[in-house]
Each structure stands twice: as C-alpha cells, then as structure tokens.
Amino acid sequence: MKDARSKLSVVEARGLLGLSGSCALDAGRLLDDARMIVERNWEMAAEVAGLAEQGLLLSPVWERGSAAARARLAVLPPTFRSRYFEGEAAEVLNEPGALAAVCDVFPWFVDDPVGACFALEDTLRTWLDDTAPTRDLGLPYEPHYRLLSLLLADIARKGAGGLDTLEWLVSIGLPIADILEEGDPPESELRLSTKRKLELMWEEERAWRRAAFGG
C-alpha cells in the first residue's frame, strides 16, 4: 500500500481493508467484537506456539476466506510475539481504555479508508505474508473484522514500543488538539515523542530480523 493516499482509490482501499459491506455498528457491539478478536488470537497463538522457533507466528490481522474469517501465519522472529501476544502488548490489549480508543477510531477510518491504509500500512506489512498458510477461524467473516483486527494489532505493537494512547492517535494521523486535557503535553511535544518512539521501535524490530535471519 505504498503512497496510499495518492495511489489508492476508495474502492481499492475498502477492498484492502475488507470493508465489503456496512460497518455501521453500535459501540457496544464493536467493543465486544474487539475483545473477541483479541481472545481468539491469543487462543490460536497458543495452539501454534510450537512454530515460533521455526520463525512462524500467527498474524493477528484477520481476513476474508471463501466463506469464513481466517488468519494466516507470518514469517517473523519469535521476539515479535511481544508486539501482540505477550508482555506490554498484551497488557495494552487488556486495558479497557485501549480497546475503547480503537473503537473510537474505527468509524473515522471506515469513512476514510484511503487514510486508514496509509496510517496502518506499516503494521499490516509487518504481519502480512501473502505466501503463508491460512487457517479458518470457525466463524463467518464480518465486514469490520479486518480493519478492527488491524487497529488492535497497531495499538498493541506501538504500545509495546512505548507509545501511550495520545501518541498512538498521533501516529495514525488523528487530530488530537480538541481532546487534550489539562496536564497533557502540548501537541508539538507529543508529535516529537511519537516520532522518537516510532524510530526506536522500528530499529528494535530491524535488529530482531537481523539477529534471526541475517542481513
């Protein structure tokens, strides 16, 4: 999804995000599905934990199968489990506030799928391996599953990288000026801290890949 804002049409972006139907969900349903996605991913990751030492991890980003929702494996060092399935990432996904933030962002990106592709491209590329085997999840695919699961993967990864919720919103291009409260850092400071933490996160992940795969 390189240069998503200028290269993708809305139709193409919706296709990449699996938004094939209506995603007009009430907040309660969206939050319930967010919890369900996280719990199902943790369950499946435990089932395939033995593959981690072979460089295969479960991708937490769901997609449409022929009829059912499905997940796939990704070729990644075992250390990438800490970006979703354990440690600080898992703690983030256990926080009601983090799931609520994801659900608040979701409608913005449904309305702006090209922007969503641009904002979430890096996390999708991290977890997506088109050549990897897939596994049905045992439930029908719903149009909101891919985007919702991708947002969850993004906040978990960046939370493990040290970003707080405000910095996460900055990282995906959401306006924050109107939601800053007394005592919050100024927007300029948040943008600088977000940039610094993302650079450290990317460097750490590059080091993991070099250690595991060389190059």
Side-chain angles (χ1 to χ4, degrees), residues 17-54 56-110 116 120 123-124 126-129 132-165 168-169 171-172 201:
L17 296 172
L19 300 173
S20 56
S22 173
C23 294
L25 305 172
D26 66 67
R29 164 73 189 283
L30 199 60
L31 186 58
D32 287 345
D33 281 358
R35 292 194 186 99
M36 180 270 293
I37 288 170
V38 170
E39 291 170 2
R40 185 73 181 107
N41 277 333
W42 284 344
E43 290 170 2
M44 288 190 299
E47 292 170 8
V48 300
L51 297 176
E53 295 306 317
Q54 303 174 40
L56 291 171
L57 300 183
L58 178 79
S59 170
V61 181
W62 291 12
E63 56 191 72
R64 174 187 291 278
S66 56
R70 69 183 184 187
R72 66 173 65 233
L73 296 176
V75 179
L76 288 169
T79 42
F80 271 85
R81 284 183 55 87
S82 67
R83 292 302 194 229
Y84 190 96
F85 301 102
E86 61 191 27
E88 292 181 8
E91 292 176 10
V92 169
L93 293 173
N94 264 323
E95 293 176 5
L99 296 191
V102 164
C103 294
D104 287 343
V105 166
F106 181 86
W108 283 75
F109 280 169
V110 169
L120 302 172
T123 292
L124 181 58
T126 295
W127 287 110
L128 181 64
D129 184 346
T134 62
R135 177 175 179 176
D136 282 351
L137 295 167
L139 68 163
Y141 181 80
E142 297 286 347
H144 60 289
Y145 281 167
R146 186 170 177 82
L147 176 56
L148 184 56
S149 65
L150 181 53
L151 281 165
L152 291 164
D154 194 71
I155 199 172
R157 178 191 179 207
K158 292 172 181 173
L163 279 71
D164 63 23
T165 301
W168 176 66
L169 293 173
S171 79
I172 57 175
M201 182 190 77

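- Here the side chains of Leu152 and Leu93 are in contact, with some heavy-atom distance below 4.5 Å.
- In this structure, the side chain of Tyr141 engages the main chain of Gly18 through a donor-acceptor pair within 3.5 Å.
- In this structure, Phe85 and Trp127 approach most closely via the heavy-atom pair CE1-CH2, 3.9 Å.
- Atom CH2 in Trp168 sits 8.0 Å away from atom NZ in Lys158 (nearest 0.5 Å).
- One distance of note links CD1 of Ile155 with CG of Leu150; it measures 12.0 Å at 0.5 Å rounding.
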Item to check | Pair Leu30-Leu148, side chain to side chain contact (heavy atoms under 4.5 Å, CB included): steps then yes or no | outcome: CA-CA 8 Å; Leu30 199 60; Leu148 184 56; 4.0 Å; yes
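- In terms of heavy atoms, Arg35 sits closest to Leu99 at CG-CD1, 3.6 Å.
- Between Trp62 and Glu142 there is no side-chain heavy-atom pair separated by less than 4.5 Å.
- At distances below 3.5 Å, not a single donor-acceptor pair connects side-chain atoms of Asp154 with backbone N or O atoms of Leu120.
- Taken from CZ in Arg135 to CD in Glu47, the straight-line distance is 4.5 Å, to the nearest 0.5 Å.
- Once rounded to the nearest 0.5 Å, the distance linking CD1 of Ile37 with OG of Ser149 reads 5.5 Å.
- To the nearest 0.5 angstrom, Leu151 atom CG is 6.5 Å from Phe109 atom CZ.
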Checklist entry - Stepwise, does the side chain to side chain contact (heavy atoms under 4.5 Å, CB included) test hold for Leu51 with Leu57? => result CA-CA 7 Å; Leu51 297 176; Leu57 300 183; over 6 Å; no
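- Between Ala100 and Leu31, the shortest heavy-atom distance links the atoms N-CD1, 4.3 Å.
- Between Arg29 and Asp32 there is no salt bridge, since no side-chain nitrogen of the basic residue lies less than 4.0 Å from a carboxylate oxygen of the acidic one.
- Other residues, nucleotides and ligands contribute more than 12 heavy atoms inside 6.0 Å of the CH2 atom of Trp42.
- Atoms CG and CD, on Leu58 and Glu43 in that order, are 11.5 Å from each other to the nearest 0.5 Å.
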Item to check | Test side chain to side chain contact (heavy atoms under 4.5 Å, CB included) applied to Leu147 and Val110, step by step | outcome: CA-CA 8 Å; Leu147 176 56; Val110 169; 4.0 Å; yes
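- Shortest non-hydrogen contact noted between Ala89 and Ser82 is CB-O, 3.2 Å.
- In terms of heavy-atom proximity, Ala52 sits nearest to Arg81 at CB-CD, 4.4 Å.
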Checklist entry - Does the side chain to side chain contact (heavy atoms under 4.5 Å, CB included) test come out yes or no for Leu137 and Met44, once each step is laid out? => result CA-CA 9 Å; Leu137 295 167; Met44 288 190 299; 3.0 Å; yes
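- Annotation for Gly161 and Arg83: closest pair N-NH1, 4.2 Å, computed over non-hydrogen atoms.
- Every residue meeting the side-chain contact (heavy atoms from CB on, under 4.5 Å) condition with Arg70, not counting sequence neighbours, appears here in chain and number order: Glu63, Arg72, Thr134, Asp136.
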